[in-house]
Amino acid sequence: MDRFRMIFQYFQSNSESVMNGICGLLALASVKIYICFDFSCPCLPRYNMAYGLGIMFIPPIALFLCGLILNRQSLVMLDEWRRPQGRRKKDLAVMRYMCSSIMQRAMVAPVIWIIVTLLDGKCLICAFSGSVDPETFVGFANTSPLQVQQLLAKVPCKDDELMRNNTSRKAVTRYLRCWSQALGWSILLILIIAAFLARWLRPCFNQATLLQARHWSNYIDIEQKIFEETCCEHSRLFAHKCILHFFKSIREEIKMHSFNLPREGEGAEGEEDLLRGITDQDQVNKLLKMWYYEKPPLDVSQATQR
Amino acid sequence: MDKFRMIFQFLQSNQESFMNGICGIMALASAQMYSAFDFNCPCLPRYNLVYGLGILLVPPFILFLLGFVLNNNISMLAEEWRRPQGQRGKDPAVLRYMFCSMAQRAMIAPAVWVSVTLLDGKCITCAFCTSVPVETLGNASHPSLSQGEMKRVLARIPCKEIYDGQELIANEVAIRYLRCISQALGWCFVLLMTTLAFLVRSLRPCFTQAAFLKSRYWSHYIDIERKLFDETCAEHARSFAKVCIQQFFEGMSTDLAATHCHSPRKAPADAGEATEKLLGITDQSTMNTALKSWHRCKPPLHLHPPTLPSGNGWAGEGQPPAHPSAPRREVAAYYSRV
């Protein structure tokens, strides 16, 4: 019991680190999914933009929702938000704190996906190859507008027969990739500066409120876990009493129907005790049949009063 | 017992994470199975659709059923559903909760299979290659073929080596188009699944939290009760067997002593534990007789109290009182139908 309590306490005190661990795993998973994903631009005029921007924005939404689902604290927060007031007031500051910490953790994986996408460049090349100015590139300068759209749409596909030997294709690709990477690094820089400022300047504002909010949000989390643990323990004891009561009632019934001298428990060896008065094949069969056909009522008050 | 109880409590309080672990393993297994699977499009007009959609939809169905089969709680649900009411009422909310939680976990591996299949693109390419819009993607100037002929040509798109319609529509263009549609469907499917999961998880505390807590408690209770009952029965069976065997050896030793005209060799009061455990059988031939008797006629499943002398004959199930020694063996033979 003590060892169990120790392990449990370790997890309790480190619920923040458990959540950080999940957040990190999800971030790694998002990079891995991007690497495994076989990006293939359709190279068709209207489809390129839809595909490119879709790959850049839809997976982050799914990753964000995953981050919310996998985080246990989001359920705790929702529970706290929707519960009836009862005798315990609700503290908006605590809920705001919990909400912001959940959102921050859930945003990590989507942001990593977007940054990796931008730094790789394929999405932006696919999406915006049709939007570059053809006049600036030699190979596309002197063609009709319809044809130029078709050609530009095919730029992301290196192996297409029209693009195989086109030198301007590489120029367009480099140009778009440069923009994509610049955007990626800029976003990364802005986010890191924002995170740095937020962490550094936070103690200057409302530190006391923050400490309170953090304490009470931790408390709510721990209270929920301990409640679940207590319910488990209670149901185990309840089941134990119920089964013992059941065995006793079967023994009473057998005593009533067969006129044996009842074998009381005192002075019996340990084994006799565990037999609980059921010493016969027919008695065991009867017990098992009773267990299936008539489960005992969920009421151990008589057992505890004995 | 205490250690068992501790481990049991730990697993119980972490049953959710244990089940989640199994879900995760099944999801990884389904992704691994897909990558190990050797996809072979038949490249024939009607067979393509059947093959492609079959690979897309039949394995998820199998994985869904497997998810139920591998879940230990399915027998618990069935038992709770079918048991007679007896003295304990049945709560449909508990049954619904148990079924929903099992179904949710069983849905993960099929969803992973469908997502991986769609994101890979081979199935949709194979199934819908005959529906590619040739007018927009292909050569409008190509001499028109009959419907059947066109379908036959288009059906070969996934098989690059035998494709002969390069003038009609370029192979790479068609494959890129189909793969783009497939990947778009795949990501939409992933988004839909995560949105559904999110809604299911987040709307519950808003509406039915109290009922949910009740259902969860009682479903855990039913599980624990079943496990404890099995454990108690196992303990009982062990004690039953121990006493039965002890009584068999005692009976055997008494019989043999009577046959050999010894006084029954009782273990002296200050004998060591080892002598007591010998149960009065101390030589090879006696042991051989005991083993033969154990095989030929096992004792009845009926433990008699050790304090009552054997001549008194405990009524038991209304049988005539047993006589000592030899005739008792006859009774035992009659009973040994175990």
Side-chain angles (χ1 to χ4, degrees), chain A residues 1 3-4 7 37-38 40-44 47 50-51 54-55 58-59 61-62 65-66 68-69 74-75 78-79 82-83 157 159-161 228-229 231-233 235-236 238-240 242-243 247 258-260 263 271-272 274-276 278-282 284 291-298, chain B residues 2 5-6 8-10 12-13 79 83-84 86-88 119-121 137 170 172-173 176-177 179-180 183-184 187-188 190-191 193-195 197-198 201-202 205-206 209 217-218 220-221 224-225 228-229 232-233 235-236 238-240 242-243 300-305 314-318 338:
Chain A
M1 204 48 214
R3 210 162 39 171
F4 174 70
I7 297 172
F37 177 64
D38 184 15
S40 79
C41 195
C43 295
L44 298 164
Y47 290 70
Y51 185 84
I55 297 295
I58 292 183
I61 298 177
L65 291 174
C66 267
L68 291 179
I69 291 168
S74 56
L75 276 182
L78 271 174
D79 197 17
R82 298 299 300 175
R83 69 172 170 91
C157 299
D159 302 323
D160 193 81
E161 51 191 347
E228 282 170 15
E229 182 213 327
C231 280
C232 274
E233 215 174 285
S235 67
R236 199 191 66 81
F238 198 114
H240 192 53
C242 200
I243 290 170
F247 270 81
S258 55
F259 303 94
N260 295 336
R263 206 148 38 104
E271 298 298 341
E272 308 293 330
L274 287 170
L275 284 173
R276 306 178 211 281
I278 314 280
T279 51
D280 199 295
Q281 187 184 23
D282 290 338
V284 172
W291 179 255
Y292 177 69
Y293 279 105
E294 283 185 35
K295 280 216 163 57
L298 290 171
Chain B
D2 275 341
R5 197 169 287 160
M6 256 171 43
F8 187 70
Q9 267 176 344
F10 181 73
Q12 200 56 37
S13 64
E79 199 183 296
R83 72 169 169 92
Q87 294 177 319
R88 185 190 288 186
L119 292 177
D120 189 35
L137 298 176
E172 301 86 31
V173 171
R176 273 198 307 257
Y177 174 78
R179 189 182 280 171
C180 154
Q183 287 179 343
W187 282 117
C188 289
V190 168
L191 187 64
M193 288 284 119
T194 38
T195 310
F198 175 73
R201 242 177 113 101
S202 58
C206 302
Q209 185 69 349
Y217 178 84
W218 289 115
H220 277 170
Y221 172 81
I224 291 178
E225 191 190 46
L228 269 178
F229 184 75
T232 313
C233 282
E235 245 175 56
H236 185 269
R238 197 179 161 279
S239 310
F240 198 113
K242 198 158 168 185
V243 175
L301 289 171
H302 184 119
L303 305 177
H304 42 267
W314 185 30
E317 294 297 294
V338 181

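Each chain gets a letter, A, B and so on, in the order the sequences are listed, and its residues count up from 1.
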Student: As an exercise, state the distance from CD1 of Ile224(B) to SG of Cys242(A), rounded to the nearest 0.5 Å.
Tutor: 12.5 Å
Student: Which heavy atom of Arg176(B) sits nearest a heavy atom of Pro42(A), and at what distance?
Tutor: NE-O, 3.4 Å
Student: Tell me, side chain or backbone of Phe238(A) under 4.5 Å from chain B's heavy atoms, or both, or neither?
Tutor: both
Student: Who wins among Gln183(B), Glu172(B), Met193(B) for the most heavy-atom pairs under 4.5 Å with chain A?
Tutor: Gln183(B)
Student: Under 3.5 Å, is there a donor-acceptor pair between the side chain of Tyr51(A) and the main chain of Cys43(A)?
Tutor: no
Student: Please state whether the side chain, the backbone, both or neither of Ala184(B) comes within less than 4.5 Å of a heavy atom of chain A.
Tutor: neither
Student: Would you mind checking which part of Leu44(A) comes under 4.5 Å of any heavy atom in chain B, side chain (CB onward), backbone (N, CA, C, O), both or neither?
Tutor: side chain
Student: Shortest non-hydrogen contact from Cys180(B) to Tyr47(A)?
Tutor: SG-CD2, 4.3 Å
Student: Less than 4.5 Å to any heavy atom of chain B: does that hold for the side chain of Ile243(A), its backbone, both, or neither?
Tutor: side chain
Student: What is the minimum heavy-atom distance between Thr194(B) and Ile69(A), and which atoms define it?
Tutor: O-CD1, 3.6 Å
